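Working notes, beginning with the structure itself.
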Amino acid sequence: MRRAVVAGAGMAGLLAARALLGHADEVVVVEPDDLPDAPGTRPGTPHAEQFHILHALARGLLDHWFPDLAAELAAHGVVPLSTVDGRMCVDGRMRPVIPDDELLPVHRPMVEWHVRRAVLPRVKLVRDRVVGLAGDRRRVSGVVLAGGRCDADLVVDASGRGTRQGEWLRGLGVTPAPKRRVHLDLGYATALYHRAPGQRLDGLLAVHSLRSAAWPDPGVSCVAAVSPDRWLCTVAGYGERRPGRAAEAFRERLLAEPAPAFAALVRTCAPATPVAVHRFPHSVRRDFHRADGQPEGLVSVGDAVASFNPVYGQGVPSAAMHVSAMSAWLAEGSSVEAYFERLRVLVDAAWQTSVVADFRLPHVRGERPRGHRVMQAVGAAIDRAAMADPVVARRFLDVVNMREHPRELLRPDILGRALRNEARLRLTR
């Protein structure tokens, strides 16, 4: 391949550019934003200040493309946390400790900056905006920019959940892929706090607290040490309970959290930044495998494919898996339909994990999958078993961290353990 063009220099675009270095003589990244020379936010990543955590899958894929990344992050104070140091809880109850599992809480601008430094010197960066596609209904031959045109053998859309690919395709006379939405009305708010040397909160360095649909204020709160001198804390809520920017209201929400680490944070630490907020109205996926005649020479990765409820931390690992699938597809040399079929398998798994949980919230609107009620009942039983049974908890964590497909939770041994737990719960009522 002579030239590949990537639209977007966020995490998905940078990962795609890195993978394409093994397939194209020249890689061009088109990005309209000024890219900061240090870790920092920019207009194209309005959610960057919010809490991010890299699951084991994301870490493994990032290590593959960027072998020095872990060491560079460690040099800047980012430290992997064992399950002894970081815990998950539901409505104030801690999940069982799963040995040999690690968490990596990160400040997103820091990770993106390190990845950018590794990628951009090896590619051509064009400060411009994609406004259309060159080519015809059968094949895309490049991109039309606000300031000209760039020919390419492959165009990778990594421009995020707000991609204008639908408009670009209509310009070629192509009907865009159909979309599915789940309306969440989610909002989340984040602030950095000062951290004393070696400080822990309730004996921990990180806490992920889920407030279930049974809680008066469902949502998620997270706090973690992201450097030797900073805590990062996020609160997420839905509808009228979306958090705002007011510092005192943020403090009151933390004091009301069922997990005690959050009250400990506001009682012992001073805020280091104002509260930053972001709204996430809906999850969306584009079903490229159902498109009527997707042209060759154009593929999508990351949020331009599917953007899930961010409280599940699926964004970066999904983007990394899409890029890995793209690299394998390019090596195979098959049609674009084959790529989108690979993608469908990945998106189906992440979508199922996210959507089944989201539909437990009574306000959430969207197309319920077939067998929804049965899936809800089975999922709730597995969730309850994961709070008491270490074997179920291990498998549950593997699915949440995207190391295993959700169908692993439907294996007979796991379902049997969940049913036995349900029987024990009924006897104790």
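Note that the coordinates shown come from a computational prediction; the quantities given were computed from them, not determined experimentally.
Judged by the 6.0 Å distance and 45° axis criteria, R117 is positioned over the aromatic ring of W113.
Proximity of L20 to L154: side-chain heavy atoms (C-beta onward) are separated by under 4.5 Å at one or more points. In this structure, H114 and L73 have side chains that are in contact, with non-hydrogen atoms separated by less than 4.5 Å. Looking at V30 and V6, their side chains never come closer than 4.5 Å, going by heavy atoms from C-beta outward. Residues V378 and L410 form a side-chain contact, since some pair of their non-hydrogen atoms from C-beta on lies under 4.5 Å apart. For the pair E31/R129, no side-chain contact is recorded, criterion being any heavy-atom separation below 4.5 Å from C-beta on. The closest side-chain heavy-atom distance from D91 to L210 is not below 4.5 Å. Contact annotation: the side chain of L201 approaches that of W231 to within less than 4.5 Å [non-hydrogen atoms, C-beta and beyond]. Residues T353 and Y312 fail the side-chain proximity criterion, which asks for heavy atoms closer than 4.5 Å.
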Would S159 and Q165 count as a side-chain hydrogen bond (donor to acceptor under 3.5 Å, both in side chains) if you check the C-alpha gap in whole Å, the side-chain angles of each, and the deciding distance to 0.1 Å?
CA-CA 9 Å; S159 57; Q165 186 185 139; over 6 Å; no
Please evaluate residues V226 and V106 with respect to the criterion side chain to side chain contact (heavy atoms under 4.5 Å, CB included), reporting the C-alpha separation (whole Å), side-chain torsions for both, the decisive distance (0.1 Å), and the verdict.
CA-CA 6 Å; V226 291; V106 294; 6.0 Å; no
Please walk me through it: do E252 and L255 pass side chain to side chain contact (heavy atoms under 4.5 Å, CB included)?
CA-CA 5 Å; E252 291 303 316; L255 289 172; 4.1 Å; yes
Run the side-chain hydrogen bond (donor to acceptor under 3.5 Å, both in side chains) check on E332 and S334 step by step: do they pass?
CA-CA 6 Å; E332 183 182 86; S334 53; 2.4 Å; yes
As a quick check of understanding, evaluate side chain to side chain contact (heavy atoms under 4.5 Å, CB included) for V78 and L104, giving each step before the final call.
CA-CA 8 Å; V78 178; L104 189 63; 3.6 Å; yes
Go through L254 and C233 one step at a time and tell me if the side chain to side chain contact (heavy atoms under 4.5 Å, CB included) criterion holds.
CA-CA 9 Å; L254 296 183; C233 182; 3.6 Å; yes
As a quick check of understanding, evaluate side-chain hydrogen bond (donor to acceptor under 3.5 Å, both in side chains) for N309 and S283, giving each step before the final call.
CA-CA 6 Å; N309 186 334; S283 296; 5.7 Å; no
Chi angles and distances behind the side-chain hydrogen bond (donor to acceptor under 3.5 Å, both in side chains) call for H23, S327
CA-CA 8 Å; H23 299 279; S327 183; 3.0 Å; yes
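For the atom pair CE (M321) and CG (L15), the distance works out to 12.0 Å, reported to the nearest 0.5 Å. For the atom pair Y188 OH and H278 NE2, the distance stands at 4.0 Å (nearest 0.5 Å). Rounding to the nearest 0.5 Å places OG of S221 at 9.0 Å from NE2 of H208. Remark: L184 CG to R242 CZ distance equals 11.5 Å, nearest 0.5 Å. Note that the CG atom of L343 and the CZ atom of R286 stand 12.0 Å from one another [nearest 0.5 Å]. Separation of atoms OG (S318) and CZ (F308) is listed at 4.5 Å; rounding is to 0.5 Å.
The two residues V311 and A236 make their nearest non-hydrogen contact at CG1-CB, 4.1 Å. The two residues T41 and P109 make their nearest non-hydrogen contact at CG2-CG, 4.2 Å. The two atoms that bring P121 and R116 nearest to each other are CD-O, 3.9 Å, heavy atoms only. Between L204 and V84, the shortest heavy-atom contact is CD2-O, 3.4 Å. Taking both residues in full, the closest heavy atoms of A385 and A418 are given as CB-CA, 3.8 Å, listed atom of the first, atom of the second, then distance. In terms of heavy-atom proximity, A16 sits nearest to V323 at N-CG2, 3.7 Å.
Formation of a donor-acceptor pair under 3.5 Å by the R241 side chain with backbone atoms of P218 is not found in this model. Within the 3.5 Å criterion, the main-chain N or O of E422 finds no donor-acceptor partner in the side chain of R384. Between the side chain of S307 and the backbone N or O of D303 there is no donor-acceptor pair closer than 3.5 Å. Distance alone, capped at 3.5 Å, places no donor-acceptor pair between the R290 side chain and the P178 backbone. Side chain of D128 to main chain of G147: a donor-acceptor pair is present (N/O by atom type, distance under 3.5 Å, no hydrogens or angles). The backbone N or O of A264 sits less than 3.5 Å from a side-chain atom of T268, completing a donor-acceptor pair. Judged by distance alone, with hydrogens and angles left aside, the side-chain atoms of T273 form a donor-acceptor pair with the main-chain N or O of L192 at under 3.5 Å.
Between F340 and H289, the ring centre distance reaches or exceeds 6.0 Å. Remark: aromatic rings of Y339 and W329 are close, center separation under 6.0 Å.
In this view, H363 and Y238 satisfy the ring pair (Phe, Tyr, Trp, His ring centres under 6.0 Å) rule, not counting sequence neighbours.
The pair R211-E257 meets the salt-bridge criterion, with a side-chain N (NZ, NE, NH1 or NH2) lying under 4.0 Å from an Asp/Glu carboxylate O. In this structure, E404 does not pair ionically with R395, as no charged nitrogen and carboxylate oxygen lie closer than 4.0 Å. Electrostatic pairing of R253 and D217 counts as a salt bridge here, judged by a charged N lying under 4.0 Å from a carboxylate O. Of the charged side-chain nitrogens involved, none lies within less than 4.0 Å of a carboxylate oxygen, so that R360 and D358 do not count as a salt-bridged pair. A salt bridge links D34 to R127: at least one charged side-chain nitrogen sits closer than 4.0 Å to a carboxylate oxygen. The residues D287 and R180 are annotated as salt-bridged, a charged nitrogen and a carboxylate oxygen being separated by less than 4.0 angstrom.
The only option from R420, R417, R424 that meets the salt bridge (charged side-chain N to carboxylate O under 4.0 Å, His left out) definition with D389 turns out to be R417.
A 6.0 Å sphere centred on CZ of R161 holds more than 12 heavy atoms belonging to other residues, nucleotides or ligands. In this structure, D413 places its CG atom where more than 12 heavy-atom neighbours from other residues, nucleotides or ligands lie under 6.0 Å away. Other residues, nucleotides and ligands contribute more than 12 heavy atoms inside 6.0 Å of the CZ atom of R3.
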Would you be so kind as to tabulate the donor-acceptor pairs closer than 3.5 Å made by side chains of residues 56-71, with sequence neighbours excluded?
from: R59; atom 1: NH1; to: E102; atom 2: OE1; distance (Å): 2.9

